[in-house]
Amino acid sequence: MLAAIATLTDRLQQALVSAFGPELADADPVLVPASKPEFGDYQANGAMALAKRLKNKPRAIAEQIVARLEVGDLCEPPEIAGPGFINLRLRPAYLEAQLKVLQRDERLGVAPVQDPHKAIVDFSSPNIAKEMHVGHLRSTIIGDSIARVLEFMGHDVLRLNHVGDWGTQFGMLITHLQDVCPAALADDSQVDIGDLVAFYKQAKQRFDEDEDFKGRSREAVVGLQAGDATARAAWQVLCDQSRQAFQKIYDRLDICLTERGESFYNPLLPTVVADLEQQGLLVEDQGARVVFLEGFTNKDGDPLPLIVQKSDGGFNYATTDLAAIRYRTQQDGAERVLYVVDAGQANHFAQVFQVAARAGWVPTGVELTHVPFGVVQGEDGKKFKTRSGETVRLQDLLDEAVKRARADLESRIQAEGRNETEAFIAQVAEIVGLGAVKYADLSQNRTSNYIFSYDKMLALQGNTAPYLLYAYVRVQGISRKGGIDFTQLGDNAAIHLEDDSEFALAKHILQLDEVVNEVAQDLLPNRLCQYLFELSQKFNQFYDRCAVLQAAEPQRTSRLMVCDLTARTLKLGLSLLGIAVLERM
RNA sequence: GGGCCCUUAGCUCAGCCGGAUAGAGCAACCGCCUUCUAAGCGGUCGGUCACAGGUUCGAAUCCUGUAGGGCCUGCCA
């Protein structure tokens, strides 16, 4: 109800000016949602703040504002409470009219932005030859949801997967591949390295223990960077293998990404360094080429450097990120770049952004933002590891989620004496299981650290995806049972709200536009989760208290429309979280 | 040493650009299926919002300090 908020704020300001003169035109009426339903729908807290300025009692000020306030078209007569709160309650007729507007609106009241921009969301970013683990899950799911919200708002979004496909570790991987699987280089299409994690570990172990291997690995890095055909072929095999594994997970999670890995920027790195030098930002220090940072100091209080070229001549990830910033602002024309990366890299991004800005690579109006999320911790509060010392593989987590959802579903089916096909069971288990995993991650404030719990991640009770899905299913059940086609309810039919639970539900439905705008602004999908959870709660209360199909007309049609609006809101909201809905479960 | 973040119910977490009596889920306990799927609804229990000051008409929320925890701090990404 952004429109209602804007109108009420406007009217309150007019009342302020009318009561106290034009010098109050700048005063904020502080209109916020009511803290409790008993107080109405909105409260204006501005009177208290104005007490000192107007040298009057806040309650008297509130009375004068209310005396001049014209909101009769939207609200019941305003009430003054406590020290000087002005409580506003929307009129049923207004709510009913607004619901009718939503009923005809596919976007459910969420207007696209007036000034769409080109945005890049950089997320997921797994490393080649390593398994995706729960840490990548956060970036992947949060990044996807943020991208979906921005897309829905009408922005032009480029989803980039900045995969770790370059760097010194590839020396050992290439060398190891050449040793154990020379056939891979002859015909890259027919090779299956198998367990890439084990492969990575073996390579690492040899690198640490075998001097000869270490030397050959270093040569392989040089070869790869120089474009040596053999090294390049081996690298390609490794990337393809990993890419296939990643893609399986992305497909399963319904996540769309454009791969543009670190290797993409490799040819641009020398120019980055050369340009920094030309601008006089580059300094040689201890054999490396660095830019000294403003506002970052080391243990001795001296400025900290950002190394852009190592003493051995190689480049590192700061150089790559600088090249990426240049490419994204200049070639892609991005006006906003969002990096959905864990909070541990906050310093890195602050440093890289600073150097990019000083180098003039961030045009005015272009915004680079690190969108951090908390680290995944084990139950001991330390960095997450399973008992065996391995991080949890994402694939195993997803499999387990679906398995548990399936077991839960099967026991229900048996208890209820239902007869369902294997296809139905498999589909429901997949959507419920994966939805639960996504929701578990998204429903938490992304900035908080994250204590990983298998049971919590896979829970199916309480504030979880299945709870929201179930509310949706209940509406579809009404439609099936009553033979109702929600699209044919008729434009002429009126919505009339009666029960308290019906009002609460209706008001909540009307708030979708506020929430989606807030999420687009703050990039916090947990706000949307909270909204959808509350929507489901309010629907379940309504469902419990109000018969729909058995209700007499015209109430029956009115309630059907409310049900339809609830389901459509759930479906749209869940789609912005990347979660699918079900007709039955 | 410096920087950033965190500390809210037994557990996991919301709330944090100041507003009225601090919320939810889980766990525990008590009710509710002849009526649209009970993956539901209602109720009970549960708090020194880490601690100490400060600002304010008003602080979980803003500021300072203390304690505890996490992350980062020059050639990994």
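The sequence lines fix the lettering, A, B, ..., with proteins before strands; numbering per chain opens at 1. Computed from a prediction, not measured in an experiment: that's the story for all the values here.
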Indicate whether OP1 or OP2 belonging to B/G42 is found under 4.0 Å from a side-chain N or O atom of A/Gln541.
yes
According to the interplanar angle, ranging from 0 to 90°, do the rings of A/Tyr265 and A/Tyr327 count as parallel (below 30°), tilted (30 to 60°) or perpendicular (above 60°)?
perpendicular
Could you tell me whether A/Arg418 and A/Glu416 have a side-chain N and a carboxylate O separated by less than 4.0 Å?
yes
All heavy atoms of A/Ala356 vs all of A/Ile325, minimum pair found to be CB-CD1, 3.8 Å
If you measure from the C1' atom in B/C72 to the same atom in B/C62, how many Å do you get, rounded?
26 Å
Nearest listed nucleotide, side chain of A/Lys456, among B/C76, B/C13, B/C36:
B/C13
Which base sits across from B/C36 as a Watson-Crick or G-U pair, both distances under 3.5 Å?
none
Rounded to whole angstroms, how far apart are CD on A/Glu284 and P on B/C75?
17 Å
Applying the 5.5 Å / 30° rule, does A/Phe85 stack onto the base of B/A20?
yes
Pairwise P distance for B/G74 and B/G2, with rounding to whole Å
16 Å
Regarding the side chain of A/Tyr543, the nearest nucleotide among B/C41, B/G74, B/A38 is B/A38
CG of A/Asn449 versus P of B/A14: gap in Å, rounded?
10 Å
Would you mind classifying the nucleic acid contact of A/Gln461 as base, sugar-phosphate or nothing, using non-hydrogen atoms under 4.0 angstrom?
sugar-phosphate
With rounding to whole Å, what would you report as the distance between B/U21 and B/C5 at their P atoms?
31 Å
Can you check B/C33 for me, syn or anti if syn means within 90° of 0?
syn
Suppose you measure atom P in B/G54 against the same atom in B/U7; what distance do you get, rounded to whole Å?
23 Å
Taking the same atom, P, in B/C11 and in B/U64, what whole-Å distance lies between them?
30 Å
Would A/Phe39 count as stacked on B/A20 if the rule is ring centres under 5.5 Å and plane angle under 30°?
yes
Counter-base of B/G19, judged by Watson-Crick or G-U geometry with both distances under 3.5 Å
B/C57
Under 4.0 Å between a side-chain N/O of A/Asn445 and OP1 or OP2 of B/G15, yes or no?
yes
Between A/Ser448 and B/C5, is there a side-chain N or O to OP1/OP2 distance below 4.0 Å?
no
Let's test this: given Watson-Crick or G-U wobble pairing with both distances under 3.5 Å, identify the partner of B/U66.
B/A50
Looking for any heavy atom pair under 4.0 Å, which part of the strands does A/Ala459 touch: base, sugar-phosphate only, or nothing?
nothing
Minimum-distance pair of heavy atoms, taken over all atoms of A/Thr464 and A/Gln461
CG2-O, 3.0 Å
Between A/Asp499 and A/Lys538, does any NZ, NE, NH1 or NH2 come within less than 4.0 Å of an OD or OE carboxylate oxygen?
no
When rounded to whole Å, the CD1 to C1' distance for the pair A/Ile80 and B/G19 reads 16 Å
Give a yes-or-no answer on whether the side chains of A/Arg474 and A/Asn540 include a donor-acceptor pair shorter than 3.5 Å.
yes
Short side-chain N/O contact from A/Arg474 to OP1 or OP2 of B/C36, under 4.0 Å
no
Would you mind reading off the distance between A/His133 atom NE2 and B/A77 atom C1', rounded to a whole angstrom?
12 Å
Judged by each residue's nearest nucleotide on RNA chain B, which is more toward the 5′ side, A/Asp408 or A/Gly462?
A/Gly462
Of A/Arg584, A/Arg412, A/Arg406, the one forming a salt bridge (charged side-chain N to carboxylate O under 4.0 Å, His left out) with A/Glu420 is A/Arg584
Taking the same atom, C1', in B/A24 and in B/G15, what whole-Å distance lies between them?
10 Å
Using a cut-off of strictly less than 4.0 Å, decide whether A/Tyr467 has a side-chain nitrogen or oxygen near OP1 or OP2 of B/C41.
yes
Is A/Asn87 side chain donor-acceptor paired with the B/A20 base, going by distance under 3.5 Å alone?
yes
Under 4.0 Å between a side-chain N/O of A/Asn526 and OP1 or OP2 of B/G15, yes or no?
yes
How far, in whole Å, is B/A14 from B/A9 if one measures between their P atoms?
13 Å
Closest nucleotide among B/G70, B/G3, B/C13 to the A/Val375 side chain:
B/G70
Phosphate-side-chain proximity, A/Gln444 and B/G25, N/O vs OP1/OP2 below 4.0 Å:
no
Regarding the side chain of A/Met48, the nearest nucleotide among B/C76, B/C57, B/A39 is B/C57
If I take atom OH in residue A/Tyr317 and atom C1' in nucleotide B/C72, what distance separates them, rounded to the nearest angstrom?
9 Å
Separation of atom NZ in A/Lys538 from atom C1' in B/G42, rounded to whole Å
16 Å
So what does A/Pro305 hit on the nucleic acid, given a heavy-atom distance under 4.0 Å: a base, only sugar-phosphate, or nothing?
base
May I ask you to evaluate whether A/Arg527 reaches the phosphate of B/G15, defined as a side-chain N or O under 4.0 Å from OP1 or OP2?
yes
Does any nucleotide pair with B/A28 by Watson-Crick or G-U wobble geometry, both distances under 3.5 Å, and what is it?
B/U44
B/C41 phosphate, OP1 or OP2: any side-chain N/O from A/Asn540 under 4.0 angstrom?
yes
Would you indicate, yes or no, if B/A22 has its OP1 or OP2 atom less than 4.0 angstrom from a side-chain nitrogen or oxygen of A/Lys36?
no
Tell me: NZ of A/Lys52 to P of B/U55, nearest whole Å?
12 Å
Could you tell me whether A/Ala81 contacts a base, only the sugar-phosphate backbone, or nothing, with contacts defined as non-hydrogen atoms closer than 4.0 Å?
base
From the set B/C75, B/C76, B/A14, return the single nucleotide nearest to any side-chain atom of A/Thr168.
B/C76
Among side-chain atoms of A/Arg206 and A/Gln202, is any donor-acceptor pair under 3.5 angstrom?
no
Would you indicate, yes or no, if B/C41 has its OP1 or OP2 atom less than 4.0 angstrom from a side-chain nitrogen or oxygen of A/Gln537?
no
Using a 4.0 Å heavy-atom cut-off, does A/Arg545 contact any base of the nucleic acid, only the sugar-phosphate backbone, or nothing at all?
nothing
Output the rounded distance in Å from OH (A/Tyr42) to C1' (B/A20).
19 Å
Side chains of A/Ser448 and A/Gln444: any donor to acceptor distance under 3.5 Å?
no
Base of B/G74 paired with side chain of A/Asp285 (donor-acceptor, under 3.5 Å):
yes
When A/Asp342 and A/Ala471 are each assigned the nearest nucleotide of RNA chain B, the 5'-most assignment goes to A/Ala471
Please state the P separation for the pair B/A59 and B/A22 - nearest whole angstrom.
13 Å
Just wondering, are more than 12 heavy atoms of other shown residues or ligands nearer than 6.0 Å to CD in A/Gln521?
no
Please evaluate the base of B/A77 for a donor-acceptor partner in the side chain of A/Gln169 within a cut-off of under 3.5 Å?
no
